[in-house]
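Here is the structure we will look at, set down as structure tokens.
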Amino acid sequence: MSGNRRKAILVSAALVGGTLLMTACQDTDADAAKGSSSAPAADKPATSPGASTTGGNQGSGKDSAGKDSAGKDSSGKGTAAGGGSGANGKVGKCRTDDLEITASDSTITGDTDGTVAVTLKNLGHDCAISGFAGVDLKTSAGSLSAKRTAEKSGQSILKSDKSVSFGITYPINNSGGSGVRITGLRVTPPNETKSVTLNWPGAATLPVTEDGGSPVKVGPIGSAGQGGAQ
């Protein structure tokens, strides 16, 4: 074999070897690329559609109910912690069972009518009271209901351990006759149905009225004062 032919064969072999080596390298790089894109799904952060990958609600300061850390909803209105019926600050009405009710004669000498003051003392929590109490006199002729005066009564809050009074006026029996004997007093606080029965502290009798109507009048809560109800 001549020298030139031998050189040509060696060159050709070198070229073929180089080509095979490059092909092998390319295949290896492709396999490496495929391996990197097929990482297990557990290694990737799971996100739901529309969810933010920057912390979601943590950055907004709102909870799942749409209320922020200041207790306000999306409308900007605050919400009372714990809610409950007490949040509106209303005070319940005064109940008979929470009241100590007493009656005393408060007639002023020289008045044409007698006066009895009825006092209601609050033994419970603060409560609301207004209007007229129900007043019935027990007499020898039967029960006699007092008529309301034309006075007005505003809403008032009766604090615990405090008292309020109203007046009962009645005509004094100057007829010289026996009249109608009074045996007791029944009082029903405003807006209540439970009554209490008290001893009558006023004059013993009422004059007999010709028309049979009630001569006894009751003032609103807070009306008792100088001379009682007017």
Show the nearest heavy-atom pair for residues [X] and [Y], with the distance to one decimal.
X    : Y    : result
S143 : R186 : OG-NH2, 4.3 Å
C94  : L158 : SG-CB, 4.1 Å
G219 : E151 : CA-OE2, 4.2 Å
V218 : F132 : O-CE2, 3.5 Å
T149 : P220 : OG1-CD, 3.8 Å
L144 : V216 : CD2-CG2, 3.8 Å

Side chains of T115 and T107: closer than 4.5 Å at any heavy-atom pair?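 A side-chain contact under 4.5 Å exists here.
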
Taking the side chain as C-beta and beyond, is there a heavy-atom pair between K162 and N122 under 4.5 Å? no

Within residues 191-205 or reaching into it, pairs that qualify as salt bridge (charged side-chain N to carboxylate O under 4.0 Å, His left out) - sequence neighbours excluded: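 Passing the test, one end in residues 191-205: R95-E192, D97-K194.
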
CG on N174 to OG1 on T205, rounded to 0.5 Å: 9.0 Å

Kindly compute the distance separating OG1 (T96) from CG (L120), expressed to the nearest 0.5 Å. 9.0 Å

When you group the ILVMFWY residues by side-chain heavy-atom contacts below 4.5 Å and let the links chain together, are V196 and V116 in the same group?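 In one cluster with V116: V196, yes.
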
Quick check: is L99 connected to L198 through a chain of hydrophobic side chains (ILVMFWY, heavy atoms under 4.5 Å apart)? yes

Keeping S140 on the side-chain end and R181 on the backbone end, is there a donor-acceptor pair under 3.5 Å? yes

Checking S104 now: which residues fulfil side-chain contact (heavy atoms from CB on, under 4.5 Å) with it, not counting sequence neighbours? A117

S153 pairs by side chain to side chain contact (heavy atoms under 4.5 Å, CB included) with which of S223, P190, S130? S130

Residue from V135, I101, N199 passing side chain to side chain contact (heavy atoms under 4.5 Å, CB included) with L185: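 Going through V135, I101, N199 one by one, the side chain to side chain contact (heavy atoms under 4.5 Å, CB included) with L185 is satisfied by V135 alone.
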
Could you please spell out the steps behind the side chain to side chain contact (heavy atoms under 4.5 Å, CB included) verdict for T193 and T188? CA-CA 7 Å; T193 57; T188 308; 5.7 Å; no

Give a yes or no on this: more than 12 heavy atoms of other residues, nucleotides or ligands lie within 6.0 Å of atom NZ of K93.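 Atom NZ in K93 is packed in, count exceeds 12.
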
Would you sort out whether V180 and L137 count as a side chain to side chain contact (heavy atoms under 4.5 Å, CB included), showing the intermediate values? CA-CA 11 Å; V180 178; L137 269 62; over 6 Å; no

Using the side chain to side chain contact (heavy atoms under 4.5 Å, CB included) rule, take D161 and K121 through it: C-alpha gap first, then chi angles, then the decisive distance, then the call. CA-CA 6 Å; D161 204 38; K121 183 177 181 179; 3.1 Å; yes

